[in-house]
Amino acid sequence: MIPKVFNQVIELGDGRTITLETGKLAKQADGSVVVRMGDTMLLATVVSARTANPGIDFLPLTVDYREKFAAAGRYPGGFMKREARPSNEEILTMRLVDRVLRPLFPKDYHAETQVMIQLMSHDPEVMPDALAGLAASTAIQLSDIPFEAPISEVRVVRVNGEFIINPSRAQLQEADIDLMVGASSEFVAMVEGEMDEVSEEEMAEAIRVAHEAIKVQCEAQTKLAEAFGKKETREYEGEAEDEELAAKIHEATYQKCYDIAKKGTSKQERGLAFSEVKDEVLAMFTEEELEEIGDLVSKYFSKAHKAAVRDLTLNEGLRLDGRKTTDIRPIWCEVDYLPRTHGSSIFTRGETQALATVTLGTSRDANMIDSPTIQDEERFYLHYNFPPFSTGEARPIRGTSRREIGHGNLAQRALSGMVPDDCPYTVRVVSEVLESNGSSSMATVCSGTMALMDAGVQLKKPVSGIAMGLISDGDRYAVLSDILGDEDHLGDMDFKVTGTADGITACQMDIKIKGLSYEILVKALKQARDGRLHILEKLTDTIAAPNAEVKAHAPKMVTVRIAGEYIGAVIGPGGKHIQELQKETETTIVINEDEVTEEGIVEILGTSQEGIDKVLARLQAITFKPEKGSVYETKVVKVLDFGAVVEYTEAPGNEVLLHISELAWERTNNVTDVVNIGDIVDVKYFGVDPKTRKEKVSRKALLPRPPRQDKKPREDRKPREEKKEA
């Protein structure tokens with residue numbers, strides 16, 4: 001018997017709806033829900049351990065999002081034919097959901113918690129990543145897990161000046177704003193997206209529209225939980241507290257930390273000084289006491305340290321490295337640092353440094369995306385690497401981290417809109433973070449911009465990026481430009497903004513406090529603009545415009561189109577012709593077919609212009625099509641008994657038979673009486689002879705026709721009149 005099912009419908013205001021359903025699937029999970037929009041269906045579940053593992057002082061939360069190939073009626077690629085490790089797109093969705101959920105669990109809740117979201121059915125008109133946050137939060141609301149308030153995420157785009165919530169992929173392609181916004185009913189917690197050089201006010205308006213839609217979705221979750229039967233929040237053992245101990249440590253350390261923060265020293269010097277203060281605190285207790293309350297001592301020292309740093313900024317407008325709130329750290333840049341890459345640059349801002357490289361290739365080097373929801377290719381992509389030495393650490397490297405994928409995606413979105421549509425290359429940018437103390441992703445944007453210009457990629461406009469922070473105590477607040485790593489950790493906001501001189505191209509924002517007003521948001525955006533323009537000036541002082549040509553050792557790219565009927569002739573049997581041509585000219589040749597026009601798109605990549613010219617000449621020869629009635633210069637390449645084989649001089653390799661009867665008006669007994677190998681001969685092209693079904697050319701048609709000789713009457717021929725009488 002099918003169990004009782006509970007539903008809640010969310011109206012999007014344009015005839016589309018989202019349905020929340022619970023009670024049918026995955027009932028052994030602490031909470032489960034099916035979210036449906038169109039034919040897209042997501043199953044979200046949450047399970048949290050009843051007890052926390054001893055010694056853990058953080059929330060071990062795992063958010064997992066997976067797209068099942070069966071959802072789209074497809075098979076997984078590869079040998080195993082089974083879903084395995086998550087794709088980049090799945091990881092990016094996990095990160096979006098995690099960033100909104102994590103701050104809303106109680107700070108002292110440390111039980112192992114797992115949120116799993118699965119795409120079970122895919123509608124091509126519905127993008128599932130915009131529903132993942134709603135699904136995760138609803139599952140939590142249906143459980144007894146402690147959680148502050150329902151949240152949701154929506155995608156908001158702007159098409160022709162109109163905002164659309166959770167658009168189709170076709171609408172997304174036409175949008176000039178694409179934002180994912182995560183929020184509760186009360187406050188915005190996360191923003192990420194890309195834009196086509198929009199203003200700060202336009203971006204703030206998009207966030208406001210998204211937040212209004214999220215409020216409706218949060219209300220629907222509450223109604224569903226009440227209808228299902230709201231569970232009592234489970235009891236859990238929180239962290240031990242000792243107010244007397246907290247006061248003692250605060251009194252012993254606050255002023256010392258304040259004084260250290262005020263000195264404006266480097267990251268290493270500050271770290272050592274703060275460590276010495278902590279050692280002094282630990283020395284206040286015996287070993288036996290530390291075994292019992294050591295965790296509390298560390299916790300209360302961290303609180304005092306955080307309070308001192310924040311108060312310094314709010315009280316005196318000073319920061320850890322001595323800067324004022326709007327100051328940008330010293331910057332130096334360099335391009336063409338690596339001699340054999342196609343483009344390279346170094347961007348150093350304070351204690352953050354990124355080395356970017358650019359590699360140019362053909363469409364064969366495009367990044368292929370093959371998932372249940374997307375089958376596409378990227379002709380521009382960016383990879384971000386964050387090795388442990390960049391922060392002075394030694395730790396194991398276990399593949400590409402989710403953080404690296406997320407930061408690389410942000411930098412890619414920041415720059416992609418400035419790569420011209422007619423760029424013939426596939427472009428790969430790699431950012432190697434060599435030092436990090438505050439926003440290496442924004443350093444990646446800056447170094448990537450310069451490396452692209454150094455490589456000769458004709459960017460529409462250069463792009464710069466900056467990370468903004470916020471410190472607020474409710475009554476006072478300070479917006480910080482170009483934040484340090486410590487300010488990210490101790491502050492209330494991490495807001496990364498990228499753009500050109502004319503507007504914003506991408507952003508990523510995480511807000512850690514409730515009630516961030518739109519007034520503060522717009523102030524942060526405008527302060528970010530001032531910082532971006534300052535950094536942009538440093539970039540353009542280093543390289544003012546893209547290099548006019550690619551480097552001598554970098555490949556040149558030429559793209560030509562040929563009629564579809566000639567593709568086979570260019571490739572040859574088993575690829576013989578194209579392989580020989582590549583070897584002969586030292587080029588790479590790629591042929592793709594235009595699905596609309598059925599033309600062949602030929603990409604020629606090579607470092608030698610001479611080699612590229614040879615390929616172009618060969619293509620011209622293969623695709624040469626003479627016009628009926630036109631005269632062409634040809635060269636005799638072979639002599640036969642019945643004619644001469646001639647080659648069009650403007651299309652070497654393109655040959656046609658000049659029949660012996662077309663050599664001259666007079667009778668020709670031997671071809672060599674008229675032409676020999678190597679002779680240059682003009683011929684007239686008559687098209688395809690309907691009798692022989694072969695192309696016909698003539699030399700004699702261009703020669704004066706000899707006068708016609710009257711025939712002598714035969715003696716035995718009778719006059720016409722006599723024939724009639726007979």
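Quantities reported herein were computed from a predicted structural model and do not represent experimental measurements.
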Review point. Mind checking whether Tyr648 and Phe624 have parallel, tilted or perpendicular rings, split at 30° and 60°?
Key: tilted
| message | Angle between ring planes, Tyr632 versus Tyr685, binned at 30° and 60°: parallel, tilted or perpendicular? | response | perpendicular
Electrostatic pair [X]:[Y] at N-O distance under 4.0 angstrom:
{"X": "Glu584", "Y": "Arg618", "answer": "yes"}
{"X": "Glu549", "Y": "Lys556", "answer": "no"}
{"X": "Lys696", "Y": "Glu662", "answer": "yes"}
{"X": "Arg158", "Y": "Asp176", "answer": "yes"}
{"X": "Arg379", "Y": "Asp365", "answer": "no"}
{"X": "Asp178", "Y": "Arg155", "answer": "yes"}
{"X": "Glu334", "Y": "Lys538", "answer": "no"}
{"X": "Lys461", "Y": "Asp502", "answer": "yes"}

Can a side-chain donor-acceptor contact be found between Thr426 and Tyr381 if the only test is distance below 3.5 angstrom? no
Donor-acceptor pair between Glu197 and Thr500 side chains, under 3.5 angstrom:
yes
How close do [X] and [Y] get, heavy atom to heavy atom, and via which atoms?
{"X": "Ile567", "Y": "Gly600", "answer": "CD1-CA, 3.7 Å"}
{"X": "Asn592", "Y": "Ser363", "answer": "ND2-OG, 2.8 Å"}
{"X": "His553", "Y": "Thr341", "answer": "NE2-O, 2.8 Å"}
{"X": "Glu67", "Y": "Glu83", "answer": "O-CG, 4.2 Å"}
{"X": "Ser345", "Y": "Ser447", "answer": "OG-O, 2.5 Å"}
{"X": "Val671", "Y": "Ala644", "answer": "CG1-CB, 4.1 Å"}

Please tell me if the side chains of [X] and [Y] come closer than 4.5 Å, counting only heavy atoms from C-beta onward.
{"X": "Ile604", "Y": "Leu616", "value": "yes"}
{"X": "Val457", "Y": "Leu360", "value": "yes"}
{"X": "Ile369", "Y": "Glu89", "value": "yes"}
{"X": "Glu647", "Y": "Asn654", "value": "no"}

| task | Give a yes or no on this: more than 12 heavy atoms of other residues, nucleotides or ligands lie within 6.0 Å of atom CG of Asn669. | result | yes
Of Glu378, Arg428, Glu377, the one forming a side chain to side chain donor-acceptor pair (under 3.5 Å) with Asn367 is Glu378
Does Arg403 make a cation-pi contact with Phe386 (under 6.0 Å, within 45 degrees of the axis)? yes
